[in-house]
Amino acid sequence: MQIVLYPGSFDPVTVGHIDVIVRASTIFEQVVVGVLYNEQKPSGAFTMPERLELLRISTAGLHNIVVKSFSGLLVDAVKNLGAECVLRGLRTPEDLGPELEMARLNRHISGVETVFLAASAETAYVSAQRVREIGRLGGCLKGLVPEAVRGQVESKFHQEYT
Ligand code: PNS
């Protein structure tokens with residue numbers, strides 16, 4: 001497997017995402033980071049252009065990462081984006097159930113395989129959901145989002161929620 005698609009909402013990118021991306025970049029020839037555009041839920045905390053920009057800044061030093069958006073079925077995006085399999089990070093034991101279900105369903109409908117990376121212990125407690133909660137309430141995001149984009153992320157929350 002040379003090209004892997006790492007899909008997600010990335011609303012916003014966290015240090016946990018970057019941990020998975022950096023480690024995957026040493027295993028795969030190319031990592032395509034795929035940001036889901038969800039028609040049912042178009043308004044997250046960050047717009048699609050913002051999510052893409054935050055990811056691109058955060059991965060700027062890595063030569064074999066590309067950041068793209070996708071909509072529709074993940075398994076179609078795998079083919080459309082030229083990838084061969086899906087990558088997901090596992091943070092907690094609770095992640096495993098829904099992730100196994102998704103991996104098995106995706107294989108059932110398309111034959112596309114999913115590979116998992118265990119989140120590093122240093123980042124496993126960081127989720128985008130908690131980052132949004134802390135950000136909206138005006139908390140400091142140091143060590144939770146990549147330092148290169150922390151100012152941008154904090155000021156967005158500051159503008160919208162204070
Ligand atoms: O970061 P997230 O929100 O946990 O990522 C979830 C994601 C994007 C991987 C998942 O919602 C997804 O693959 N959506 C695309 C629609 C799809 O293919 N659904 C069927 C999955 S079995």
Side-chain angles (χ1 to χ4, degrees), residues 1 3-25 27-28 30-59 62 65-136 141 143-146 149-150 152-153 156-157:
M1 295 285 180
I3 303 178
V4 70
L5 175 62
Y6 178 47
S9 305
F10 302 102
D11 185 30
V13 59
T14 69
V15 293
H17 296 134
I18 297 301
D19 166 57
V20 170
I21 292 169
V22 168
R23 288 164 53 217
S25 75
I27 300 169
F28 294 93
Q30 188 175 61
V31 180
V32 181
V33 181
V35 185
L36 174 70
Y37 178 75
N38 188 343
E39 291 92 347
Q40 262 95 56
K41 222 175 53 178
S43 55
F46 290 81
T47 64
M48 176 58 74
E50 287 169 338
R51 293 181 210 188
L52 295 170
E53 187 193 7
L54 295 174
L55 272 161
R56 286 183 181 132
I57 294 170
S58 305
T59 57
L62 297 162
I65 309 294
V66 291
V67 180
K68 306 262 186 190
S69 64
F70 77 97
S71 58
L73 278 178
L74 174 60
V75 293
D76 290 338
V78 170
K79 287 174 187 140
N80 295 337
L81 296 173
E84 291 146 277
C85 62
V86 172
L87 170 69
R88 293 287 285 171
L90 291 174
R91 293 185 309 112
T92 65
E94 290 70 33
D95 281 350
L96 191 59
E99 290 295 337
L100 282 180
E101 182 182 276
M102 193 162 73
R104 287 170 175 151
L105 281 167
N106 282 333
R107 188 155 66 98
H108 176 93
I109 60 175
S110 68
V112 167
E113 295 283 6
T114 300
V115 296
F116 297 102
L117 271 184
S120 296
E122 300 77 30
T123 60
Y125 59 90
V126 180
S127 70
Q129 185 192 346
R130 292 299 185 201
V131 164
R132 290 195 298 275
E133 186 178 344
I134 294 167
R136 282 172 173 146
L141 298 178
L144 302 180
V145 300
V149 297
R150 180 162 67 96
Q152 213 172 321
V153 173
K156 164 96 182 187
F157 283 124

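Owing to the predicted nature of the structure, the values given are computational and were not obtained by experimental measurement. Atom set for the values below is all heavy atoms of this structure, side chains included, hydrogens, waters and symmetry mates excluded. Just follow the structure's listing: the first ligand is 1, and inside any ligand the first atom is 1.
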### Task
Report yes or no: does Glu50 contribute a side-chain atom to a donor-acceptor pair with the main-chain N or O of Thr47 at less than 3.5 Å?
yes

### Query
Identify the closest protein heavy atom to atom 10 (C) of ligand 1: which residue and atom is it, and at what distance?
Met102 SD, 4.0 Å

### Message
I need the atoms of ligand 1 closer than 4.0 Å to a non-hydrogen atom of Asn106, numbered in the order shown.
### Response
21 (C), 22 (S)

### Message
Does ligand 1 come near enough to Leu36 that some N or O of the ligand is less than 3.5 Å from an N or O of the residue?
### Response
no

### Query
Short N/O distance, under 3.5 Å, between Ser9 and ligand 1?
yes

### Query
Can you list the atoms of ligand 1 that are under 4.0 Å from a heavy atom of Leu74?
13 (O), 15 (C), 17 (C), 18 (O)

### Task
Could you name the option among Arg104, His17, Arg88, Gln129 that has the heavy atom nearest to atom 7 (C) of ligand 1?
Arg88

### Atoms of ligand 1, numbered as shown, that sit under 4.0 Å from any heavy atom of Leu73
17 (C), 18 (O)

### Query
How long is the gap from CG on Leu5 to CG on Leu74, to the nearest 0.5 Å?
6.0 Å

### Message
Whether the side chain of Ser120 engages the backbone of Thr123 through a donor-acceptor N/O pair (distance < 3.5 Å, no angle test) should be reported.
### Response
no

### Message
When you measure from the side chain of Thr59 to the backbone of Leu62, do you find a donor-acceptor pair of N or O atoms at a distance under 3.5 Å?
### Response
no

### Query
Considering only heavy atoms, which of Ser71, Gly72, Pro7 lies nearest to atom 16 (C) of ligand 1?
Gly72

### Query
Would you say the side-chain atoms of Arg130 pair up with the backbone N or O of Leu144, donor to acceptor, closer than 3.5 Å?
no

### Message
Using a 3.5 Å distance criterion without hydrogens, assess whether the side chain of Asp11 forms a donor-acceptor pair with backbone atoms of Ala45.
### Response
yes

